[in-house]
Amino acid sequence: MKTMKSKIYIIAILLGVWLSAGAQNTLSLKECREMALDYNKELKKADYQKQEAVFNQKAARTAYLPSLSASANVMYIPGMKGFSIPGGFLPTAASVEAAINGEFTGDSDVWMPGMGIEMDGLMLAYGGFNLTQPVYVGGKIRNSNKQADLGAEIYNSSYKLKYSEIIEKTDQAYWQLVFIDANLKLAQKYIAMLTELEDQLTDMYNVGLIPASEKLKVSVQKNEAELSLVRVKNVLKVAKMYLNQTIGRSLNDDISVADTLSENVELISTVNGVSLALNQRDEIKILENQVKLSELDKKIALADYLPQVGVSASYTAFYVKDLAEDIDFQSNFAGQISIPIFSWGQSRHKQNAAKLKIKQNMAELSNTNELINLEVEQLRNQIEELYQTILISKKNILEAEESLSETRSSFEVGLNTTADLLEAQTNWQEAQVQLIKNLSQYEVLKTSWLRVTGNLNPEVN
């Protein structure tokens, strides 16, 4: 009994593991989005660039602060000989002024002894600290800080732009798989209908009620449906591989989707789509900031030709072996002003180049505004058109189901032929395929609308 319980326990564990593994392969749209964002290497690169821009922003702030540096140097001249000063009587002069002017009248009776310094070489050592503070550099520091801020905003917008692209790509792959999976189930249902009809006609043929040609019509239609089913399965494999690649899983992982297509769709609001896009699209924000960057480039180019003022302080120590046994400490304070005078028109040329760069960025911004306006209007039309198409497709299904029911009833009493029933079944299948295709496309357009209006970003999702 104990052994039997152990076996049951082990089987339960294995079954739980198997069920858990199977559950992990059924993915929701939210899970696929998270996996794609975590896997995508371009998004990681954009995130690193965003972090880099923040550090550059912090580094630019330090230009306002004084800089402290330390330096030290040792110089040694080997083989340098010593020197001596001979002794002698000091010269005399008529007055102090004459002595200062070098007007000596002769030698005094004061004897100065000679002296000599012996050394094997000369060694000089010095070092100290230097503190520098810029006071005015033509506004270059202020404008460089503004550029660093704009750079951080640009890379943040680039990150959000890449984020929205990945979400849209993932949604497209996901809903494509949902569509193909639904199409596969529909194909299997259609084959079941044909099989049921084939069995019915086989029984009728066996009792001599219909000729073999009637049964063969159904068999031929069933063979074509089975071939189509094989094709759908192959397409399903490719769709799974594409979604696996998007979310960073092994291409051959057998995954399934948790979401299904709902026929109860509502027309999404497309009011103020253009204004939302122009105010929120990251492409617009990037180009607007690039215009501001080029304007700051112009100011920075001008700063090189304006007066520049700075102050500095230093504290230095000197030591000369054999000449000065004590270390000499010295402090210095200095101010500096630099005024450019002539540079062969270089400033004017740089200013003109900066103005042209501003015009280039403004032209690109204007063109992008027009393209986004057009993109929003086109997508609005697609959404409204597809919504109406879905409503019509639902009506077509109702009519196809009613026609199939009536044709089947008439076929049972001999009022419709086999060809009539096959056509009604085919129309029913085509109506179903068209609806699920439209529904899956509508889900993708809903995501695309969020992207084109600038609402598909990390802050919203």
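Taking 4.0 Å as the cut-off between side-chain N and carboxylate O, R451 and E375 count as a salt-bridged pair. We find that K240 and D253 are not joined by a salt bridge, their nearest charged nitrogen and carboxylate oxygen being 4.0 Å or further apart. In summary, E295 and K298 do not engage in a salt bridge, as defined by a charged side-chain N under 4.0 Å from a carboxylate O. Classification of E443 and K446 as a salt-bridged pair holds, one side-chain N sitting under 4.0 Å from a carboxylate O. Between K285 and E288 there is no salt bridge, since none of the side-chain N atoms of the basic residue sits less than 4.0 Å from a carboxylate O of the acidic one. Comment: R33 engages D171 in a salt bridge, judged by a side-chain N to carboxylate O separation of less than 4.0 angstrom.
No donor-acceptor pair under 3.5 Å is formed between the side chain of S405 and the backbone N or O of E402. Without hydrogens or angle criteria, T195 side chain to I191 main chain gives a donor-acceptor distance under 3.5 Å. Between the side chain of T426 and the backbone N or O of L422 there is at least one donor-acceptor pair closer than 3.5 Å. Q133 places no side-chain N or O within 3.5 Å of a backbone atom of V311 that could act as its donor or acceptor partner. The closest donor-acceptor contact from the side chain of N279 to the backbone of S275 lies under 3.5 Å. A donor-acceptor pair under 3.5 Å links the side-chain atoms of N145 to the main chain of A60, judged by distance alone. N352 contributes a side-chain N or O that, together with a main-chain N or O of R348, makes up a donor-acceptor pair within less than 3.5 Å. In this structure, N143 contributes its side chain and G139 its backbone to a donor-acceptor pair below 3.5 Å.
When each of T447, D259, T246 is tested with Y174 by the rule side chain to side chain donor-acceptor pair (under 3.5 Å), just one qualifies, namely D259. Checking each of Q51, E52, Q49 against Y155 for a side-chain contact (heavy atoms from CB on, under 4.5 Å) leaves exactly one that passes, namely Q49.
There is no side-chain donor-acceptor pair under 3.5 Å between N438 and T389. E214 and T418 share a donor-acceptor pair across their side chains, judged by distance under 3.5 Å alone. Between the side chains of Y190 and Q221, at least one donor-acceptor pair of N or O atoms lies under 3.5 Å. If you check the side chains of T132 and S312, you find no donor sitting under 3.5 Å from an acceptor. E168 and S448 are linked by a side-chain donor-acceptor pair at a separation below 3.5 angstrom, with hydrogens and angles left out of the test. Side-chain N/O atoms of T417 and D420 include a donor and acceptor closer than 3.5 Å.
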#### Entry: From CA spacing to verdict: salt bridge (Lys or Arg N to Asp or Glu O under 4.0 Å), K162, D282
CA-CA 10 Å; K162 180 57 63 178; D282 289 299; over 6 Å; no

### Task
Determine, step by step, whether E198 and S219 satisfy the side chain to side chain contact (heavy atoms under 4.5 Å, CB included) criterion, reporting the C-alpha distance in whole Å, the side-chain angles of both residues, the deciding distance to 0.1 Å, and the verdict.
CA-CA 7 Å; E198 184 182 42; S219 299; 2.7 Å; yes

### Test side chain to side chain contact (heavy atoms under 4.5 Å, CB included) applied to S256 and T26, step by step
CA-CA 5 Å; S256 59; T26 300; 3.0 Å; yes

### Query
Would L421 and N416 satisfy side chain to side chain contact (heavy atoms under 4.5 Å, CB included), going step by step from the backbone distance to the final call?
CA-CA 7 Å; L421 182 54; N416 282 113; over 6 Å; no

### Task
Given side chain to side chain contact (heavy atoms under 4.5 Å, CB included), test N130 with Y315 step by step and report yes or no.
CA-CA 7 Å; N130 186 66; Y315 187 75; over 6 Å; no

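Considering CG of L365 and CD of E370, their distance stands at 10.5 Å, rounded to 0.5 Å. With rounding to the nearest 0.5 angstrom, the CG atom of L306 is 11.0 Å from the OG atom of S338. Here the OG1 atom belonging to T170 is positioned 15.0 Å from the NZ atom belonging to K30, to the nearest 0.5 angstrom. Between the NZ atom in K45 and the NZ atom in K41 there is a gap of 13.5 Å [rounded to 0.5 Å]. Annotation: the span from K140 atom NZ to Q308 atom CD amounts to 5.5 Å, rounded to 0.5 Å. Annotation: the span from L186 atom CG to S228 atom OG amounts to 11.0 Å, rounded to 0.5 Å.
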